[in-house]
Amino acid sequence: MMAPIVHAQLAWLAHPQELAERSIRLSSDLWGLQWHTLARVMGQVSQDPVKPNPDDNRFADPVWTESPTWDLTKEWYLAFTHHMQDMLYGTPGLGSQERRKAAFWWRKWLNAVAPTNSLWTNPVALRKAVESRGESLARGYRNFLDDMQAGDIRMTDPEDFNVGGNLATTPGAVVFRNQLLEVIHYAPTQAKVHAEPVVIVTPWINKFYVLDLTQKKSMVRFLLDQGLDVFITSWKNPDASMHDVSFDDYLSRGIHELVETARRLAGAKRVHAVGYCIGGTALSMYMAWSARRFPQEAQAVADWTLFATLVDFRKPGDIEVFIDENSIRYLTESMKRTGYLDGKQMAAAFRLLRSNSLIWHYVVHGWLYGEKPQPFDVLYWNMDTTRMPQAMHAWYLSELYLHNRLIKKDSLSVAGERLDLAQIKQPLYAVGAEDDHIAPWQETFRINNHVSGSRRYVLSSSGHILGIVNPVVTPPKRHFRVANVDRGETVDEWSTKAAKQEGSWWEDWMAWLKPKAGGLVDARPAATREFPALAAAPGIYVQER
């Protein structure tokens with residue numbers, strides 16, 4: 001945290017001319033702010049010289065503009081915050097990654113000291129306290145104690161949800177289980193289904209039911225209603241005994257077992273594979289591994305779909321502030337002591353990326369306003385964290401995030417095969433999300449530069465979760481852009497021709513996928529004699545804490 005900030009300060013001291021120019025610019029802006037201050041003190045109307053960013057809702061209450069005292073508090077805070085960030089991003093003589101790191105950590109501190117985060121400098125909190133005769137403060141204190149007991153700043157109340165009760169309720173059966181995963185096969189909702197099944201590789205960061213939340217939001221249920229036969233991974237929540245589990249295991253004992261289970265139960269030669277986030281990265285490796293392991297006519301996957309997936313990690317989004325040699329070395333040594341990375345550590349890192357909306361928003365509304373967390377299924381899922389085995393996670397961070405070896409031909413060896421993405425010839429349907437800060441859509445687009453099959457790319461509105469969990473509703477809530485990708489096409493070239501459509505991209509995906517999934521056959525039951533039900537969906541592993 002401190003090193004990039006110190007490096008930025010030293011860089012400015014080493015460039016006195018640029019520092020002087022920046023100081024003159026700051027003085028000019030502060031002079032305008034002083035005139036605004038004088039006007040407000042004298043009771044005159046004056047337009048705010050510094051505006052919050054469009055997505056900054058901290059100062060949305062009218063009191064921050066109507067009251068001169070609070071308006072000036074807001075304006076001086078924003079003025080220094082914006083100038084500090086601009087200076088750090090513009091630091092001369094410093095590498096771009098170092099500048100981004102310095103700006104990131106300084107922004108976290110500036111967010112923490114915002115006037116909205118303290119009772120005595122938050123007029124909304126003070127007003128609520130007066131209006132409720134202190135009851136809002138009493139409720140806030142109880143919320144604070146509950147959060148301390150939970151060891152987390154809760155975004156929603158865990159008591160409002162129950163996996164298998166009001167979440168992950170689509171009927172099905174666990175038809176395969178080993179030490180790494182359960183394979184769930186869902187019961188059909190149609191009398192006839194397409195002959196070739198769909199297999200979904202979910203991320204092992206958090207749990208699989210993000211694709212099977214409530215009935216209206218469930219992608220799984222949508223696929224079933226479309227007449228598709230669906231299998232999905234439910235990964236075990238690792239403990240210390242799994243410290244030696246490697247990425248090879250996740251591929252050979254995880255994804256490969258999913259594919260083979262679906263083929264055998266359905267009696268189909270091929271499946272249609274889907275991967276989400278890190279599950280999509282693993283599926284990409286599996287596709288390259290399979291291309292080397294088996295001849296083209298024996299490939300088990302007919303086509304594949306990726307949701308918010310990176311294969312090129314040169315610019316992996318805001319998460320790169322945590323990625324360097326020293327950070328990974330420190331994290332690896334820490335994992336060696338426990339055998340795993342605790343899920344709360346991973347969740348804390350992702351929440352830091354959006355600290356205002358994912359941390360301070362809940363501090364203010366829960367502790368200062370005394371509001372009970374609202375029931376929100378996606379936030380409950382986000383809090384339902386999982387651990388990562390030490391060997392697998394250290395390898396993943398080093399080989400992909402740090403050295404970016406997946407896109408380099410034959411540089412990465414997994415489960416006995418050297419990987420080359422160019423060997424993948426099956427058709428690809430890839431989805432990115434406009435506001436995704438975990439897998440930036442411009443980076444997810446890069447998969448199109450590395451594979452050999454036909455490609456179709458979709459850019460959905462919203463972010464990493466809601467851009468994917470994007471059910472069909474009337475009237476439409478979101479939009480998407482879609483077009484096929486020609487060989488060698490750039491992001492800008494694709495953007496020029498991609499047509500914008502209102503609604504959910506799920507319908508476009510079905511128009512692409514269903515004609516490839518074989519003719520209609522009698523629907524298969526969730527469990528069979530050869531593959532009996534080991535447990536009812538959502539299974540056992542998803543319940544592990």
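In what follows, every heavy atom counts, from backbone to side chain, and hydrogens, waters and symmetry copies are set aside. What you see is a predicted model, and the numbers here were worked out from it, not measured in a lab. One-based numbering along the sequence shown.
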(message) Looking at Arg100 and Glu320, is there a salt bridge between them, counting it only when a charged N and a carboxylate O are closer than 4.0 Å?
(response) yes
(request) For Arg354 and Asp435, run salt bridge (charged side-chain N to carboxylate O under 4.0 Å, His left out): C-alpha distance rounded to whole Å, both residues' side-chain angles, the deciding distance at 0.1 Å, then the answer. (result) CA-CA 12 Å; Arg354 293 291 183 270; Asp435 301 324; over 6 Å; no
(request) Taking all heavy atoms of Val193 and all of Pro188, pick out the closest pair and write down the distance. (result) CG1-CB, 4.3 Å
(message) Show the nearest heavy-atom pair for residues Ser284 and Val311, with the distance to one decimal.
(response) OG-CG1, 3.5 Å
(request) Quick one: pull up OG1 in Thr156 and CG in Leu379 and give me the separation to the nearest 0.5 Å. (result) 6.0 Å
(message) Could you walk me through whether Ser241 and Asp239 satisfy the side-chain hydrogen bond (donor to acceptor under 3.5 Å, both in side chains) test, starting with their C-alpha distance in whole Å, then the side-chain angles of each, then the deciding distance to 0.1 Å, before giving a yes or no?
(response) CA-CA 5 Å; Ser241 66; Asp239 54 26; 2.4 Å; yes
(request) Kindly write out the residues that satisfy side chain to side chain donor-acceptor pair (under 3.5 Å) with His450, not counting sequence neighbours, or none if the list is empty. (result) none
(message) Would the distance check show the side chain of Thr332 and the main-chain N or O of Ile328 forming a donor-acceptor pair, the cut-off being under 3.5 Å?
(response) yes
(message) Looking at Lys408 and Asp312, is any side-chain nitrogen of the basic one under 4.0 Å from a carboxylate oxygen of the acidic one?
(response) no
(request) Kindly say whether Pro238 contributes a backbone atom to a donor-acceptor pair with the side chain of Arg387 at under 3.5 angstrom? (result) yes
(message) Can you confirm whether the side chains of His479 and Gln501 place a donor and an acceptor under 3.5 Å from each other?
(response) no
(message) Suppose the criterion is ring pair (Phe, Tyr, Trp, His ring centres under 6.0 Å): which pairs have a residue in residues 164-194, not counting sequence neighbours?
(response) His185-Phe231
(request) Return each pair, listed once, that meets side chain to side chain donor-acceptor pair (under 3.5 Å) where at least one residue sits in residues 536-545; pairs must be two or more places apart or across chains. (result) Lys236-Glu544, Tyr380-Arg545, Asp384-Arg545
(message) Between Asp342 and Lys344 (side chain of the first, backbone of the second, donor and acceptor by atom type, cut-off under 3.5 Å), is there such a pair?
(response) yes
(message) Please confirm whether the ring centroid of Trp235 lies under 6.0 Å from the ring centroid of Phe208.
(response) no
(message) Going by the rule side chain to side chain contact (heavy atoms under 4.5 Å, CB included), which residues pair with Gln190 if we only count those two or more places apart in sequence or in a different chain?
(response) Asp225
(message) Under a 3.5 Å distance rule, please check whether Asp436 uses its side chain to pair with a backbone N or O of Gly463 as donor and acceptor.
(response) no
(request) Assess the side chains of Ser234 and Tyr209: does a donor N or O sit below 3.5 Å from an acceptor N or O? (result) no
(message) Is it the case that the side chain of Glu417 and the backbone of Ser290 share a donor-acceptor pair, with hydrogens and angles ignored and the cut-off at 3.5 Å?
(response) no
(message) Under a 4.0 Å threshold between the charged nitrogen and the carboxylate oxygen, would Asp212 count as salt-bridged to Arg221?
(response) no
(request) May I ask you to decide whether Lys425 forms a salt bridge with Asp303, counting only side-chain N to carboxylate O separations under 4.0 Å? (result) no
(message) If I take atom CD1 from residue Ile447 and atom CG from residue Leu310, how far apart are they, to the nearest 0.5 angstrom?
(response) 10.0 Å
(message) For Arg529, give me all partners under salt bridge (Lys or Arg N to Asp or Glu O under 4.0 Å), at least two apart in sequence or on another chain.
(response) none
(request) Verify, without hydrogens or angle tests, whether Arg455 (side chain) and Gly453 (backbone) share a donor-acceptor contact under 3.5 angstrom. (result) yes
(message) Checking ring pair (Phe, Tyr, Trp, His ring centres under 6.0 Å) between Trp505 and each of Phe480, Trp512, Phe307, which is the one that passes?
(response) Phe307
(message) Can you classify the ring geometry of His464 versus Tyr276 as parallel (below 30°), tilted (30 to 60°) or perpendicular (above 60°)?
(response) tilted
(message) Checking the side chain of Ser495 only, and the main-chain atoms of Val491 only, is there a donor and an acceptor separated by less than 3.5 Å?
(response) yes
(message) Could you work out, with salt bridge (Lys or Arg N to Asp or Glu O under 4.0 Å) as the rule, every residue matching Lys336, not counting sequence neighbours?
(response) Glu333
(message) Rounded at 0.5 Å granularity, tell me how far CG in Asp160 sits from CG in Asp377.
(response) 11.0 Å
(request) Return the minimal non-hydrogen interatomic distance between His272 and Ala302, and the atom names on each side. (result) CE1-CB, 3.7 Å
(request) Measure the CD-CD distance between Gln423 and Gln426 for me, rounded to the nearest 0.5 Å. (result) 11.0 Å
(request) Test side-chain hydrogen bond (donor to acceptor under 3.5 Å, both in side chains) on Trp395 and Ser246 and set out the steps. (result) CA-CA 8 Å; Trp395 182 92; Ser246 66; over 6 Å; no
(request) Could I get the full list of side chain to side chain contact (heavy atoms under 4.5 Å, CB included) partners for Pro471, not counting sequence neighbours? (result) Trp506
(request) Applying side chain to side chain contact (heavy atoms under 4.5 Å, CB included), name anything that partners Asn484, two or more places apart in sequence or on another chain. (result) Arg456
(message) Check Arg524 with Asp229, please: is the shortest side-chain N to carboxylate O separation under 4.0 Å?
(response) yes
(message) Between Val183 and Thr233, is the side-chain contact (heavy atoms from CB on, under 4.5 Å) condition met? List the steps.
(response) CA-CA 5 Å; Val183 173; Thr233 58; 5.5 Å; no
(request) Keeping the roles fixed (side chain from Asn382, backbone from Val378), state whether a donor-acceptor pair exists under 3.5 Å. (result) no
(message) Checking Arg99 now: which residues fulfil side chain to side chain contact (heavy atoms under 4.5 Å, CB included) with it, not counting sequence neighbours?
(response) Thr91, Leu94, Ser96
(request) Kindly assign one of parallel, tilted or perpendicular to the pair Tyr396 and Tyr401, based on the angle between their ring planes and the thresholds 30° and 60°. (result) perpendicular
(message) Is the ring pair Phe445/Trp494 parallel, tilted or perpendicular, if the boundaries are 30 and 60 degrees?
(response) tilted
(request) Kindly write out the residues that satisfy salt bridge (Lys or Arg N to Asp or Glu O under 4.0 Å) with Asp522, not counting sequence neighbours, or none if the list is empty. (result) Lys192
(message) Taking salt bridge (Lys or Arg N to Asp or Glu O under 4.0 Å) as the definition, give me every residue that meets it alongside Arg264, ordered by chain and number, with sequence neighbours left out.
(response) Glu530
(request) Output all residues satisfying side chain to side chain donor-acceptor pair (under 3.5 Å) with Tyr330, sequence neighbours left out; order by chain, then residue number. (result) none
(message) To the nearest 0.5 Å, what is the distance between CD on Glu434 and OG on Ser462?
(response) 8.5 Å
(message) Minimum heavy-atom separation for Lys207 and Val542, please, with both atom names.
(response) NZ-O, 2.9 Å
(request) Indicate yes or no for a side-chain donor-acceptor contact from Ser252 to the backbone of Ala415 under 3.5 Å, with no hydrogens or angles considered. (result) no
(message) Checking the side chain of Arg351 only, and the main-chain atoms of Ile153 only, is there a donor and an acceptor separated by less than 3.5 Å?
(response) yes
(request) May I ask you to say whether Asp486 pairs ionically with Lys497, meaning some side-chain N is under 4.0 Å from a carboxylate O? (result) yes
(message) Can a side-chain donor-acceptor contact be found between Thr281 and Thr309 if the only test is distance below 3.5 angstrom?
(response) no
(message) Between Lys315 and Glu443, does any NZ, NE, NH1 or NH2 come within less than 4.0 Å of an OD or OE carboxylate oxygen?
(response) no
(message) Do the side chains of Arg253 and Asp248 get close enough for a salt bridge, i.e. N-O under 4.0 angstrom?
(response) no
(request) Look up atom CG in Leu397 and atom CZ in Arg329, then write down how far apart they are to the nearest 0.5 Å. (result) 13.5 Å
(message) Ring-plane angle category for Tyr286 and His256, please: parallel below 30°, perpendicular beyond 60°, tilted otherwise.
(response) tilted
